[in-house]
Amino acid sequence: GAVVSQHPSRVICKSGTSVKIECRSLDFQATTMFWYRQFPKQSLMLMATSNEGSKATYEQGVEKDKFLINHASLTLSTLTVTSAHPEDSSFYICSGRVEDTQYFGPGTRLTVL
Amino acid sequence: DQQVKQNSPSLSVQEGRISILNCDYTNSMFDYFLWYKKYPAEGPTFLISISSIKDKNEDGRFTVFLNKSAKHLSLHIVPSQPGDSAVYFCAASGSSGDKLTFGTGTRLAVRP
């Protein structure tokens, strides 16, 4: 399968700061990437669809000004959590699409103190 | 509104026996289904998928069955191995490659 990496794998930050998470497709080009969030003992919930060279499409209830997505190249999408608060603490996972299948990165654990 | 449901939060199976994980969906627009395996603090790993034009897809020890009329799919793992112990998520999309809606997950424990 295709390989997706994420960086960092874990981040702890203070409330009010911004955090950037990178998602890279290592062996394929991804015109579309997806960002998901998973709270403890819950399912993965799609936050937004990231399209290379254009604006991201956000799911209902996800604040686009808080979760900034940039997909500047065919192998890199970034998610910036701006002015993070403790309720933003979660596991953030990205995926890239190869033909019919989405391949996921290893995830980023964000803890906001 | 949970459009994809996995009603069994957990399943325990003896090594060597068959594991059957079930998934139900409500959205008739879904036409592509996938199963992922996930360990804690890791991203999901793709296992197998099926298009709505098929009712069965097999890959090694993994077989997915789809019953469109019942809006039900299942993942069969045979023989089950201790290394299969993980949380399994089914996911659905309106067309292949489209955004995924995930089920709530089933934790599988395979006993040696």
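Here is the naming used below: chain letters follow the sequence lines, and residue numbers restart at 1 for every chain.
For L100(B), the parts lying near chain A are the backbone and the side chain together; criterion is any non-hydrogen pair under 4.5 Å. For a residue to count as touching a neighbouring chain, one of its non-hydrogen atoms must lie under 4.5 Å from one of that chain's; by this rule L44(A) touches chain B with backbone and side chain alike. Heavy atoms closer than 4.5 Å to chain A are found in the side chain of Y36(B), but not in its backbone.
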When the side chains of residues 65-75 of chain B are checked against the rest of the protein, which donor-acceptor pairs come out under 3.5 Å, sequence neighbours left out?
{"residue": "N67(B)", "atom": "OD1", "partner": "S69(B)", "partner atom": "N", "Å": "3.3"}
{"residue": "N67(B)", "atom": "OD1", "partner": "S69(B)", "partner atom": "OG", "Å": "2.8"}
{"residue": "N67(B)", "atom": "OD1", "partner": "A70(B)", "partner atom": "N", "Å": "3.0"}
{"residue": "H72(B)", "atom": "ND1", "partner": "C23(B)", "partner atom": "O", "Å": "3.3"}
{"residue": "H72(B)", "atom": "ND1", "partner": "D24(B)", "partner atom": "OD1", "Å": "2.7"}
{"residue": "H72(B)", "atom": "NE2", "partner": "N22(B)", "partner atom": "OD1", "Å": "3.2"}
{"residue": "S74(B)", "atom": "OG", "partner": "H76(B)", "partner atom": "NE2", "Å": "3.4"}

Residue pair R61(B), D84(B): steps toward the salt bridge (Lys or Arg N to Asp or Glu O under 4.0 Å) verdict: CA-CA 11 Å; R61(B) 296 186 299 115; D84(B) 296 329; 2.8 Å; yes
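Most heavy-atom pairs under 4.5 Å with chain B, from the set G107(A), G105(A), S43(A): that is S43(A). Chain B forms the most heavy-atom pairs under 4.5 Å with one residue out of M45(A), Q6(A), R10(A), Q38(A), and that residue is Q38(A).
Checked against ring-ring contact (aromatic ring centres under 6.0 Å, His included), Y88(B) has no partners two or more places apart in sequence or in another chain.
Remark: the S9(A) side chain and the R109(A) side chain contain no N/O donor-acceptor pair separated by less than 3.5 Å.
Close placement of the Y36(A) and F102(B) rings is indicated, their centers lying within 6.0 Å of each other.
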